[in-house]
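Notes follow the structure.
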Number of protein chains: 2
Amino acid sequence: MRHVATLAGVGIKTVSRVMNEEAGVSEATRTKVLEASRQLNYQLDVTAGSLRRAGRRTLSVGLLLPSVSNPFSGEINRALEDALSARGIAVFAASLDDDPQREQSIIAAFLGRRVDGLVLTPIAKNQSYTIPEHSRDLPMVFIDREPVGVDADAVVTDNAIGAAKAAAHLLAHGHTKIAYLGDRTDIQTARERKRGFLEEIGRAGIPSSSVPIRENLHDEETARQAAIELLTSENPPTAIFSSQNLVTFGTMRALKELGKNREVALVGFDDFTLADMMDPGVTVIAQHPDRIGVRTAERLLARIDGDQEPPRTYVVPSELIQRGSGEIRPPA
Amino acid sequence: MRHVATLAGVGIKTVSRVMNEEAGVSEATRTKVLEASRQLNYQLDVTAGSLRRAGRRTLSVGLLLPSVSNPFSGEINRALEDALSARGIAVFAASLDDDPQREQSIIAAFLGRRVDGLVLTPIAKNQSYTIPEHSRDLPMVFIDREPVGVDADAVVTDNAIGAAKAAAHLLAHGHTKIAYLGDRTDIQTARERKRGFLEEIGRAGIPSSSVPIRENLHDEETARQAAIELLTSENPPTAIFSSQNLVTFGTMRALKELGKNREVALVGFDDFTLADMMDPGVTVIAQHPDRIGVRTAERLLARIDGDQEPPRTYVVPSELIQRGSGEIRPPA
DNA sequence: ATGAAAGCGCTAACAG
DNA sequence: CTGTTAGCGCTTTCAT
């Protein structure tokens with residue numbers, strides 16, 4: 001920057017003004033500076049500037065995801081990127097893998113980079129989210145989980161309502177024996193989905209004690225086994241609601257293996273690629289990770305910009321997508 | 001840091017040494033400093049340090065992807081994260097969307113953050129990759145594309161060999177009329193795949209002029225239409241090789257619509273989730289984005305560490321995965 | 001409209 | 001083994 005100033009024959013502060021597009025520079029000097037910086041291939045150093053910038057803004061935020069390779073996370077990452085890059089904010093993403101220790105060190109690493117904000121997406125099992133005391137005033141938005149011990153915004157899917165929609169849909173198609181296949185009970189969203197599902201079943205006058213429930217299914221294989229057990233029991237369900245993608249996949253496998261994929265109805269929570277290409281197409285309660293990401297970005301930016309409203313939780317509605325599997329009727 | 005030094009009753013440099021785990025600090029003072037930093041919730045500022053650090057390392061790298069929401073990109077991103085975080089290096093990822101303008105501004109943004117290296121993943125159509133002259137000596141690794149105009153390492157899949165394997169597989173199952181459905185011809189990898197495919201066909205003594213070829217298919221819908229045209233022509237192919245995921249999806253749709261999914265063989269380039277759940281399971285030439293990512297990280301770190309070897313291209317082998325669709329035999 | 005000086009938090013270089 | 005000084009590239013503050 002000094003070099004540019006010298007070459008342009010102006011003070012260093014003028015160069016700073018031009019590079020930051022601040023007002024109060026005559027068009028003539030602006031041109032001079034721009035020309036000089038072009039000649040020298042000069043590029044403003046964002047990080048160096050952060051050292052003195054008001055509020056020490058680094059123009060970067062940290063994003064904690066289950067894994068950057070997970071499709072749901074990817075969508076959120078992308079939506080966030082789009083919203084934040086428009087403001088010149090870059091995002092550091094990191095994968096948690098449900099490992100509390102990893103979580104700690106990632107948060108520490110992000111704090112060490114003085115990020116302007118944090119987005120936390122603990123969709124899976126992880127319980128901790130121990131934000132260091134001293135960074136409680138860092139702008140933060142939680143996704144899919146109500147923050148505990150921190151005052152912060154959250155953006156969540158209407159898990160209970162979505163699950164209730166699934167139940168209502170199956171009930172409307174004549175099912176009365178609908179099984180619930182769920183994720184680990186220590187996951188808040190899983191509990192919400194179960195609650196919504198059972199409440200809707202209850203509203204239909206069906207005692208929840210008669211609902212086949214299998215929980216703590218954490219991967220395709222355990223889900224598949226649970227589904228097979230259910231489906232081969234003496235009084236098998238005529239429909240299944242699966243609370244999460246991997247559980248849905250496992251259930252699909254079980255149905256196919258047993259040749260029941262066209263007999264037993266299935267509604268899964270969470271959409272996935274090629275769901276419409278399955279046999280039959282899989283009816284799902286779709287979340288909208290893109291909208292979640294957009295809303296998250298909006299809240300994070302508001303907080304970064306000094307919004308002092310009391311934190312609240314924003315709900316992004318889910319959507320029932322009919323593709324065939326959820327419209328199968330029970331045998332007469 | 002000054003505060004910590006004062007509290008611990010030591011010089012600021014000693015604190016720096018402790019925080020950076022440098023040698024030459026007595027255990028006693030080390031403990032004192034650590035205790036003080038704990039009391040003050042002190043966390044080393046990585047970016048501030050970069051200002052004076054040898055080589056001005058920012059301990060961050062930039063990653064340009066087609067889109068962070070694309071599964072292939074996600075895998076690479078993840079592998080990179082794992083390898084780099086072990087060295088305390090954080091990664092900025094950004095999505096290109098095949099937009100050369102966006103590419104330019106992202107590179108500029110990364111340079112403005114003084115990243116220690118760049119990984120460029122231009123899997124798709126994008127042609128430009130105009131790296132500014134002055135950053136030619138920045139450590140850089142290209143993925144899936146030989147760098148043009150820059151001396152840099154590249155990590156690629158064995159596209160031609162993989163495609164040849166697909167052709168050989170179909171030939172071995174008795175097919176002689178195998179169609180090629182390909183992506184845009186301005187994409188290097190697409191050309192490579194076509195070449196490998198046709199060469200293998202040629203080796204079998206089949207004139208390439210008799211091979212039905214449809215190219216410049218850039219999404220599911222155009223691929224679907226092309227496949228339908230081919231399959232409803234007077235002399236339809238008995239097998240199809242699709243050069244890329246979206247093309248494979250479109251082809252699958254076409255086959256299903258025409259009720260030919262169990263008659264016409266299909267091998268797709270690139271693996272995808274639930275490929276085994278299709279009817280029939282889809283045989284693919286799988287790439288290994290994780291291995292690509294690992295190798296990329298290894299090269300990037302080597303360059304960052306000063307490796308001066310002449311740049312070269314590293315090939316990661318693809319793998320044929322049989323799932324049913326590729327093992328369909330032609331009608332007798 | 002422009003610039004000079006100070007200093008952000010840190011590390012390199014050099015003392016001691 | 002430890003500390004002092006200088007200065008990285010920038011923005012703030014305050015002059016002019």
Side-chain angles (χ1 to χ4, degrees), chain A residues 1-34 36-37 40-60 88 90 108-116 134-135, chain B residues 1-37 40-60 88 108-116 134-135:
Chain A
M1 185 147 166
R2 244 194 6 254
H3 300 318
V4 178
T6 312
L7 180 58
V10 301
I12 186 174
K13 174 66 220 192
T14 301
V15 179
S16 171
R17 273 192 266 259
V18 172
M19 300 314 288
N20 289 293
E21 300 181 352
E22 284 173 33
V25 183
S26 77
E27 194 49 39
T29 42
R30 216 183 81 89
T31 318
K32 255 193 314 189
V33 170
L34 252 22
S37 76
L40 297 175
N41 282 316
Y42 174 71
Q43 172 106 33
L44 190 65
D45 185 328
V46 180
T47 39
S50 78
L51 231 40
R52 297 239 69 205
R53 209 188 328 269
R56 276 228 211 322
R57 295 261 187 282
T58 55
L59 302 181
S60 66
F110 285 168
L111 293 178
R113 284 164 192 283
R114 304 294 188 263
V115 294
D116 297 337
H134 60 284
S135 49
Chain B
M1 184 148 168
R2 247 193 3 257
H3 300 317
V4 178
T6 312
L7 181 57
V10 301
I12 186 173
K13 177 66 219 192
T14 300
V15 178
S16 170
R17 270 193 267 260
V18 172
M19 300 313 289
N20 289 292
E21 299 181 353
E22 285 172 32
V25 182
S26 77
E27 195 48 40
T29 42
R30 216 183 81 87
T31 318
K32 253 193 317 189
V33 170
L34 252 22
E35 171 55 22
S37 77
L40 297 174
N41 283 314
Y42 174 71
Q43 173 106 33
L44 190 65
D45 185 327
V46 180
T47 39
S50 79
L51 232 40
R52 298 239 70 206
R53 208 187 330 266
R56 277 228 210 320
R57 296 261 187 282
T58 55
L59 303 182
S60 65
F110 285 167
L111 293 178
R113 284 166 191 281
R114 304 296 187 263
V115 293
D116 297 337
H134 60 285
S135 48

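When reading the values below, keep in mind they use all heavy atoms of this one structure, side chains included, and skip hydrogens, waters and symmetry mates. Remember, predicted model here, so these are calculated numbers, not experimental data.
Closest approach of B/L34 to B/S37, counting heavy atoms only: O-OG, 2.9 Å. Here the closest heavy-atom approach between residue B/M19 and residue B/L44 is recorded as CB-CD1, 4.0 Å. Between A/R17 and A/A23 the shortest heavy-atom distance is CD-O, 4.1 Å. Smallest separation of non-hydrogen atoms from A/V46 and A/L59: CG1-CD1, 3.9 Å.
Two residues are said to be in side-chain contact when any heavy atoms from C-beta on lie closer than 4.5 Å; A/Q43 and B/R114 meet this criterion. The closest side-chain heavy-atom distance from B/V18 to B/V4 is not below 4.5 Å.
If you walk DNA chain D from 5' to 3' and mark each nucleotide with an atom closer than 4.0 Å to a heavy atom of chain B, the marks span D/dC1 to D/dG9.
Atoms CD1 (B/I12) and P (C/dG7) sit 15 Å apart, rounded to a whole Å. Going from atom CZ of B/R56 over to atom C1' of C/dT11 covers 11 Å, rounded to whole Å. As rounded to whole Å, 12 Å separates atom P of C/dT11 from atom CD of B/E21. For the pair A/M1 CE and C/dG3 P, the interatomic distance rounds to 11 Å; values are reported in whole Å. Rounded to whole Å, atom P of C/dC8 lies 16 Å from atom CZ of B/R52. Spacing between atom CE of A/M19 and atom C1' of C/dG3 amounts to 18 Å, rounded to whole angstrom units. For the pair A/D45 CG and C/dC10 P, the interatomic distance rounds to 16 Å; values are reported in whole Å.
Evaluation of the salt bridge (charged side-chain N to carboxylate O under 4.0 Å, His left out) rule for A/E21 yields no partner, not counting sequence neighbours.
Inter-axis angle, ends of the helix from C/dA1-D/dT16 to C/dG16-D/dC1, five pairs per end, rounded to 10 degrees: 30°.
Heavy-atom nearest nucleotides on DNA chain D were determined for B/A23 and for A/Q43, and the one closer to the 5' end corresponds to B/A23. In terms of position along DNA chain D, the nucleotide closest to B/L51 lies nearer the 5' end than the nucleotide closest to the other residue of the pair B/L51 and A/S16.
Note on B/G24: a base of the nucleic acid sits closer than 4.0 angstrom, heavy atoms only. Nucleic acid contact for A/V10: sugar-phosphate only, since backbone atoms but no base atoms lie under 4.0 Å from a heavy atom of the residue.
At most 12 non-hydrogen atoms from other residues, nucleotides or ligands lie less than 6.0 angstrom from CZ of A/R30.
Atom CD1 in B/I12 sits 5.0 Å away from atom CE in B/M1 (nearest 0.5 Å).
The existence of a salt bridge linking B/E35 and B/K32 is excluded, since no basic side-chain nitrogen approaches an acidic carboxylate oxygen closer than 4.0 Å.
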What are the atom names and distances for every N/O pair under 3.5 Å that joins the protein to nucleotides 13-15 of chain C?
none

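Pairs of residues two or more places apart, or lying in two chains, that qualify as side chain to side chain donor-acceptor pair (under 3.5 Å) and include a residue from residues 46-56 of chain A are A/D45-A/T47.
Residue B/V33 forms a side chain to side chain contact (heavy atoms under 4.5 Å, CB included) with just one option from B/V25, B/V15, B/L7, and that option is B/V15.
A heavy atom lying under 4.0 Å from DNA chain D marks the following residues of residues 26-34 of chain B, by number: B/S26, B/T29.
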